[in-house]
Amino acid sequence: MALPISYSWRSLIARGTRTTFTVLVIALVVIATTLFWSLIASLKRTLVSSGSPENLVVMRKGATNDGSSQLTLESLQAIRFFEGIARDADGNPLISPELVVQPFFATTDGGRENVLVRGVEPMALRVHDEVVIAEGRMFTPSSGETVVGRGVSRRYKGASLGDELKFGRGTWKVVGILEAGGSSFESEVWVDARELANDAKRTLPYSGVRLRVAPGADMDALVRRIGDDPRYALEATREIDYYESLSSSANTLYVIVIGLAVLAGVGAVFGATNTMYAAVQSRTAEIGTLRALGFSRGSILLAFLSESVMMALFAFALGAIGASLLGRSISWLLGGIAFGAATFTTNVIQLHVAAGDLLMPLALSLLIGVFGGLAPAARAARMRPVDALRKA
Amino acid sequence: MGGRGDPPRQGRAARDPPRWGIPRDGGLAVKFLPFVLRNLARNKLRSLLTASAIALAIALVCILRTMPAGMDAFLSSIASNTRISTHNEAGMVYQMPYSYLQKVRAVPGVVAAISWQWFGGAVDASRGVEFPNFAVDPEDFGRVYEDWNVSQQALDDFRKYRDAAIVGRGTLEKKGWKLGDVITLQSTLFGLELSFRIVGEVPNPRAVQLYFQREYLVQAFAALGTPLDSTGMIWSRIDDPERVGPVMRQIDEMFRNGEAETTSETEKSFFGNFFGSLKGIVTVIMIVAGIVTLCIVFIAANTASMSVRERVGEIAILKAIGFRSRTIFTTLLAEAVLLSTVAGAAGALISLALTSLLRSSLVSTGPQLGPLTGFVVTDAILVQAIFIAFFIGILSGWLPALGASRRSVAQTLREVF
């Protein structure tokens, strides 16, 4: 016969202080690991959600990112006529030649960061169809206007709609705010490609090309066709793979966070074990009575184990709420967390605890509950009813 | 329980326990040390579990603290305040004419100056740039970086051989390269591939950069048919720390309204800004370290309150036979402090072992996290950790000890017996 679950529950409540301390310990471990985990996951989400599966990034061979690539006008002309590129109603290929530079931007707290400025042509909004002008309008070419990402507009001086934004050699009027579903385009500033090339004194106006593959066309064939052309030394990558590769630096961080979680988790297991041993010890008589009443060893084990797991789960819930609130406040206080990605450009990340980010902390809490409760529960189960009653 | 107090009283204490109640304040904790140790040993499993939990948490705090501390150490070990950087006002990727170097060298107060051109070289292009590498002017290299202690032999070879490279010790160790090795880097920026002969090192484990002759890059550009007449940065050494400010202003003034307007700043400020974008992560790390510290407080407080509660009856008896509240308070507090401090010291040692493991296993973290992933536990971190543990002992032991020492004897005895 199993002991009812309410037995474990009531036992927890009966010794309030001890339970509270342990719950707090586990909850704090949950908060710490969740914060770290979601920070990295937010970075990863930002980068991985960037780009479209139908788009290709074309760069000079060997270039690992937008910022370090350069493209000649001849190669751009050549790409225009490759087969398999989508076209709009007027028959223009959906090709967006782009120039990327990373000038300094002044942060509101007096520092400076490299922000990715993308020089584009009007076609850009059609190729990057996830990017929308959420407020204001698109810039007019050659008029010193710019549209800035949502993350940029929150973080830097003069980057709000209607402001005069200083970067590079000039001053630009912010006429629109970009949104792109939280992806890294929201950490970018878009201006007219020609104007940007003049500002940066670039002889070659483009660093790379983004293009949309025609529906039904063989993407791999197009990738090969671009890569194999010996005249231009180009390389095409799927846009999603490109951003995936930028996010790979986050993988090392995951290893660190898991190490952190293991260390903190083992510490919390020790804390929980202590509490449960004390619980077993103070209830020796009770356990003896239960055994005398005919409850089996198994049901005693189960009761104490569920007490420990229940405690851990309650702590998890508390920790999850705490982490989510704390993450929000940190994000809000810092105006987003800057993350220098592989290109030295800054991605502005909103620290957001997503449901998926809670899986690791949940597993951690369960393990803390089980391992913290196992030895004490076993001790309780091993007690001989006669001894237990006599000791009491 | 052998008293270990002042010599005249030695041995007497055990026979005459009430006298313990008339202590001389300073020696109280030491005198009762055997008593405190016995109490800790009473529930060995619990003390061990608590100590292990605290030790692990302290180790964690130490490891987390290495990240921001690595940044500070980097800035103070690498950066000088008489070396200045001059770069395009608009940003690091905006170039300046190479002729600026001669103009900077001519400014009074500038002892030596060299240009830096980012090469973006990668050992394996698919893995990206693992360490920064720059084309520089070899003639003045030794004079600009006097404080780096690059050997004279290396500096001579650096000037003599076109393909010579000087590499930071951090990178040599990480990649397992030795002096004399020939390595090849593919530029992710220029589509060039150049081979270098390593002729010297920057003898500092935090130094990761590779430097090679600018002329080598100029020739490679010439072979492509494109001249290289610009540079990304100029680094100069100023003769007198007092003159640094005026010299920087003079340089920037000189290029005002020129082809490229410049910003000059000290090396410290340059790297401070360069890694400025890591500030947010550092903040999160510090918050997490704070949370873990709070965790330790709760673990320790839980144990302290549990051991006090179990001994309620015993404490009442001690009081009944004449022990003072203050004595009881002190011994209980000492118990918490001792446990936590010893555990803290053990945790500090664990962090040393874990960080050396981390350093050897993390092969590549990419350059962008730079000084954050050095994982070096400094003496300061160790000392701080032990202090934190000590204060946690006091914090966690205070309330339970105070409660126990203040409890009314009659009330307790009635409850317990």
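Below, chains carry the letters A, B, ... as their sequence lines are ordered, and counting in each starts from 1.
- Taking each heavy atom of B:Ala53 and A:Gly271 in turn, the nearest pair found is CB-N, 4.4 Å.
- Here the side chains of B:Val292 and A:Leu28 are not in contact, with every heavy-atom distance at 4.5 Å or above.
- Heavy atoms of other residues, nucleotides or ligands lying less than 6.0 angstrom from OH of B:Tyr98 number more than 12.
- Rounding to the nearest 0.5 Å places OG1 of B:Thr283 at 10.0 Å from CG of A:Leu333.
- Applying the salt bridge (charged side-chain N to carboxylate O under 4.0 Å, His left out) test to B:Arg311 and every residue at least two apart in sequence or in another chain returns B:Glu335.
- With a 4.5 Å cut-off on non-hydrogen atoms, B:Leu48 does not touch chain A at all.
- Residue contact with chain A, scored on non-hydrogen atoms closer than 4.5 Å, involves the side chain of B:Leu354 exclusively.
- Only the side chain of A:Leu326 comes within contact range of chain B, with heavy atoms under 4.5 Å apart.
- Considering only heavy-atom pairs separated by less than 4.5 Å from chain B, the leading option among A:Asp199, A:Ile31, A:Val29 is A:Asp199.
- The structure places CD1 of B:Ile287 at 7.0 Å from CG of A:Leu35, a figure rounded to the nearest 0.5 Å.
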Show which side-chain atoms of residues 258-270 of chain A pair as donor or acceptor with protein atoms under 3.5 Å away, not counting sequence neighbours.
none

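- Proximity of B:Thr303 to A:Asn274: side-chain heavy atoms (C-beta onward) are separated by under 4.5 Å at one or more points.
- Atom OG1 in A:Thr275 sits 9.0 Å away from atom CZ in B:Arg46 (nearest 0.5 Å).
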Q: Output, in order, the C-alpha distance, side-chain angles, deciding distance and verdict of side chain to side chain contact (heavy atoms under 4.5 Å, CB included) for A:Val23 and B:Phe298.
A: CA-CA 9 Å; A:Val23 162; B:Phe298 288 136; over 6 Å; no
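- Of the two parts of B:Ser52, the backbone and the side chain both hold a non-hydrogen atom closer than 4.5 Å to a non-hydrogen atom of chain A.
- Using a 4.5 Å cut-off between heavy atoms, B:Ile54 does not touch chain A at all.
- Between A:Arg112 and B:Glu265 there is a salt bridge, with a side-chain nitrogen of the basic residue lying less than 4.0 Å from a carboxylate oxygen of the acidic one.
- Distance check: A:Arg169 CZ to B:Glu89 CD gives 9.5 Å after rounding to the nearest 0.5 Å.
- Looking only at distances, a side-chain donor or acceptor of A:Arg60 sits under 3.5 Å from a matching main-chain atom of B:Thr188.
- Between B:His87 and A:Phe104, the angle of the ring planes goes over 60°, which puts this pair in the perpendicular group of the 30/60° scheme.
- Note: B:Gly91 leads B:Gly91, B:Ser187, B:Ser230, B:Ala260 in heavy-atom pairs under 4.5 Å with chain A.
- Options B:Ile291, B:Ile285, B:Thr263 differ in how many heavy-atom pairs under 4.5 Å they form with chain A, and the most are formed by B:Ile291.
- In summary, the side chains of A:Tyr277 and B:Asn43 do not present any donor paired with an acceptor at a separation below 3.5 Å, with no hydrogens or angles considered.
- Among B:Gln186, B:Glu259, B:Glu193, B:Glu310, the residue making the largest number of heavy-atom pairs under 4.5 Å with chain A is B:Glu259.
- Counting heavy atoms of neighbouring residues, nucleotides and ligands inside a 6.0 Å radius, atom CZ of A:Arg328 does not exceed 12 of them.
- Shortest non-hydrogen contact noted between B:Tyr94 and A:Pro103 is CE1-CB, 3.6 Å.
- The OG1 atom of A:Thr273 sits 5.5 Å away from the CG atom of B:Leu49 when rounded to the nearest 0.5 Å.
- Distance CG/A:Leu24 to CD1/B:Ile299: 11.0 Å, rounded to 0.5 Å.
- Using a 4.5 Å cut-off between heavy atoms, B:Ala301 contacts chain A through both its backbone and its side chain.
- Pairing each heavy atom of A:Arg379 with each of B:Leu45, the nearest pair is NH2-CD2, 4.0 Å.
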